[in-house]
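Note sheet for the following structure.
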Amino acid sequence: MSTKPSILKGTRDFLPSTMAKRNFIFSTIKTVFEKYGYAPIETPTIEKTETLMGKYGEEGDRLIFRVLNLGDKLAKADVNALKEAHLVRFANSISDKALRYDLTVPFARFVVQHQNDLTFPFKRYQIQPVWRADRPQKGRYREFYQCDVDVVGSESLLYEIELIQIFDEVLSNLGVNDFTIKFNNRKILTGIAEVCGQADKLTDITVAIDKLDKIGKDGVIKELKDRGVNDTAINIINPLFELEGNNDELVVKMTEFLKESKVGLKGIEELTYVLDRIKKLGLNKAKLSFEVTLARGLSYYTGAIFEVVANQVKMGSICGGGRYDNLTELFGLKGMSGVGVSFGADRIYDVMTELNLFPKSLTSSTQVLFINFGEKEQDYSLSILKLLRNHQISAEIYPTSAKMKKQMKYANDKQIPYVVMIGSNEIETNTITYKEMETGEQNNSSLNNFITLLTKLP
RNA sequence: GUGGUUGUAGUUCAGUUGGUUAGAACGCCUGAUUGUGGUUCAGGAGGUCGUGGGUUCGAGUCCCAUCUUCCACCCCA
């Protein structure tokens with residue numbers, strides 16, 4: 001008895017037509033990354049639990065997919081922990097490995113492990129799937145691809161500029177016309193916490209004000225209170241919820257606001273440096289926007305933070321990232337500042353689908369189909385097929401001498417642009433007959449003319 | 001992880017207060033057309049109503065569980 005096959009919640013199969021579009025995204029991204037001097041690497045799908053745990057905050061730990069221990073190792077299960085409802089301790093006793101949650105932390109591990117083989121500043125990109133035990137929603141999957149580009153071993157703000165240019169170039173090249181790069185600096189957030197005298201509540205303050213867009217001013221104030229931020233501090237923060245103006249005006253206002261905080265002013269200085277340079281260099285389609293309330297939950301960011309949203313689609317961010325000064329320190333290597341961003345390929349796909357941005361020409365890979373008229377004609381076609389392939393023309397032959405209608409329909413369904421017919425007439429006259437499917441036009445010509453025609457195509 | 005929501009043919013969806021043999025469109029197959037697809041016409045095949053229990057004389061319809069979908073929260077690409 002066979003049950004209906006299905007796949008796990010939040011995962012997907014990709015059909016050839018989908019893969020064509022996904023590969024278009026990946027190759028666009030790769031091309032830009034390489035143009036800026038980044039080289040590809042890969043890391044394993046599963047990592048030791050200890051490598052991943054504790055790097056993403058409490059919420060993050062909960063969302064890590066754990067992999068069960070095998071065989072005898074399982075016998076070490078801490079049954080007492082289970083009885084006492086210490087679920088985390090029990091989980092650790094039966095699992096010491098997990099699927100990667102993102103590409104940044106494994107990369108930090110990679111840098112520390114291979115530090116002697118790398119040239120710093122080390123620029124790498126990495127395109128691989130990651131897994132999160134989250135509850136799926138639109139644009140939210142349990143398995144999805146991240147396209148990360150990072151540089152470690154330099155504090156230079158040139159890399160912040162470079163990453164903004166990469167955002168702009170990739171998304172513009174893909175045809176996404178209306179998107180905003182939100183930009184902020186963790187030091188500014190630290191400064192805000194200092195100025196209001198609640199430096200110890202930095203995380204609570206950032207998590208709360210990050211939600212301004214979503215829950216509004218009153219919602220944020222309520223959340224701040226719930227998180228134990230005192231009223232004096234809330235009154236100091238309050239004006240930030242009504243800040244208006246362009247990037248330059250915001251910088252002026254925030255400089256005033258943060259005048260008592262050394263860290264805060266340092267953040268403003270870094271941010272201004274980048275904003276000024278970008279202003280001079282110009283951007284293609286991106287809007288760059290300083291957002292004081294942009295925080296991002298990932299706790300390892302220490303400097304610049306980025307987030308990119310597509311303005312015409314209601315979906316979470318399509319890219320994100322920032323600077324981290326201490327990530328490699330967790331694996332025993334100090335003084336390695338890094339900055340990087342991640343493109344969410346699956347969300348970019350969803351955005352492009354919704355806005356109908358994929359080029360039409362992506363659908364078919366086969367250019368020429370040979371009609372099969374029988375054994376003799378088939379053998380003859382085979383040698384011509386080989387010739388076409390030698391010319392880098394993607395071609396195939398129908399596997400049986402089925403009815404013409406069926407073979408034509410196959411070409412039509414696969415959107416193959418040319419059909420070649422070689423029957424006894426053509427063999428006798430040493431010619432081929434080809435049909436252009438879109439126009440329906442049919443010609444008899446020499447093979448060489450046909451090859452010339454195809455190789456001249458764009 | 002919390003609360004809600006969804007599931008009927010390959011696909012998108014109808015299906016009355018619980019009542020005979022569960023329908024449509026598109027797609028698919030066959031033929032009109034034995035060397036011509038995308039249009040047209042004629043015909044045909046496809047469903048254990050997500051799965052497992054329960055209530056009932058009787059369940060696609062009501063109840064419970066489970067899986068899945070989408071949404072809000074949490075968090076995030």
Side-chain angles (χ1 to χ4, degrees), chain A residues 1-12 15 25 29 56-64 87-88 101-104 127-148 167 203 206-208 210-211 214-215 219 223 294-299 305-310 313-321 340-351 369 371-374 377 398 401-426 433-442 444:
Chain A
M1 210 177 88
S2 72
T3 50
K4 206 175 184 176
S6 63
I7 55 174
L8 253 27
K9 169 158 63 175
T11 64
R12 294 149 302 154
L15 273 60
I25 294 176
I29 288 175
Y56 310 103
E58 207 176 310
E59 275 303 314
D61 285 355
R62 206 196 72 211
L63 299 175
I64 293 173
L87 262 26
V88 175
Y101 174 90
D102 73 353
L103 302 178
T104 307
I127 299 179
Q128 289 188 273
V130 302
W131 290 266
R132 295 190 187 172
D134 207 351
R135 197 171 283 205
Q137 275 182 48
K138 184 182 180 184
R140 175 178 291 201
Y141 307 101
R142 293 186 127 179
E143 177 184 54
F144 61 96
Y145 272 75
Q146 286 192 331
C147 311
D148 268 33
F167 276 141
T203 306
T206 55
V207 169
D210 191 38
K211 295 179 190 166
K214 214 168 199 172
I215 58 180
E223 173 123 10
L294 173 67
R296 297 184 58 76
L298 253 34
S299 49
I305 38 185
F306 308 98
E307 194 162 286
V308 180
V309 292
V313 178
K314 191 173 174 286
M315 193 181 307
S317 54
I318 54 177
C319 310
V341 299
S342 180
F343 286 75
D346 302 82
R347 282 191 180 172
I348 291 171
Y349 180 95
D350 290 344
V351 166
L369 175 75
I371 297 291
N372 190 329
F373 286 114
E377 293 86 347
Y398 198 83
S401 57
K403 280 183 186 154
M404 187 70 157
K405 182 184 167 113
K406 190 157 185 174
Q407 302 194 40
M408 292 299 284
K409 187 170 156 44
Y410 176 81
N412 196 58
D413 289 349
K414 282 188 76 171
Q415 298 184 48
I416 297 172
Y418 292 92
V419 167
V420 164
M421 280 159 277
I422 300 176
S424 44
N425 290 346
E426 284 82 2
T433 297
Y434 68 87
K435 176 168 182 167
E436 198 174 327
M437 290 300 275
E438 196 170 342
T439 59
E441 203 177 300
Q442 197 162 313
N444 185 262

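Below, read A as the first sequence line, B as the second, and so on, with proteins coming before strands; counting in each chain starts at 1.
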Is there a donor N/O on one and an acceptor N/O on the other, under 3.5 Å, for the side chain of [X] and the base of [N]?
X: A/R62; N: B/C75; answer: no
X: A/R140; N: B/A77; answer: no
X: A/R347; N: B/C76; answer: yes

Pairwise [atom1] distance, [M] and [N] [rounded to whole Å]:
N: B/U16; M: B/G50; atom1: P; value: 14 Å
N: B/U68; M: B/C26; atom1: C1'; value: 25 Å
N: B/U5; M: B/U17; atom1: C1'; value: 24 Å
N: B/U34; M: B/U30; atom1: P; value: 13 Å
N: B/G19; M: B/C63; atom1: P; value: 15 Å
N: B/C13; M: B/A72; atom1: C1'; value: 26 Å

Starting at the 5' end of nucleotides 38-46 of chain B, put B wherever the base has a protein heavy atom under 4.0 Å, S where only the sugar-phosphate does, and a dash everywhere else.
B--------

To check you understand the geometry: which heavy-atom pair defines the closest contact between [X] and [Y], and what is its length?
X: A/F306; Y: A/L294; result: C-CD2, 4.3 Å
X: A/L369; Y: A/A411; result: CD2-CB, 3.7 Å
X: A/P136; Y: A/K9; result: CG-CG, 3.4 Å
X: A/C319; Y: A/F167; result: CB-CE2, 3.4 Å
X: A/E143; Y: A/R12; result: O-NH2, 3.2 Å

Judged by each residue's nearest nucleotide on RNA chain B, which is more toward the 5′ side, A/E223 or A/L8?
A/L8

Is any side-chain nitrogen or oxygen of [X] closer than 4.0 Å to OP1 or OP2 of [N]?
X: A/K9; N: B/U68; result: yes
X: A/Q137; N: B/A72; result: yes
X: A/K403; N: B/U33; result: no

The dot-bracket string of RNA chain B, counting Watson-Crick and G-U wobble pairs with both distances under 3.5 Å, using [ ] for crossing pairs and | for pairs to another strand, is ((((..(..((((.....[...)))).(((((.......))))).....(((((..]....))))))..))))....

From B/U36, B/A77, B/C75, pick the nucleotide closest to the side chain of A/M408?
B/U36

What is the nucleic acid contact for [X], judged by heavy atoms within less than 4.0 Å: base, sugar-phosphate only, or nothing?
X: A/G423; result: base
X: A/E426; result: base
X: A/V207; result: sugar-phosphate
X: A/G10; result: sugar-phosphate
X: A/K211; result: sugar-phosphate

Give each protein N/O atom lying under 3.5 Å from an N/O atom of nucleotides 4-7 of chain B, with the pair distance.
none

Face-to-face contact A/Y141 to B/A77 six-ring, under 5.5 Å, under 30°
no

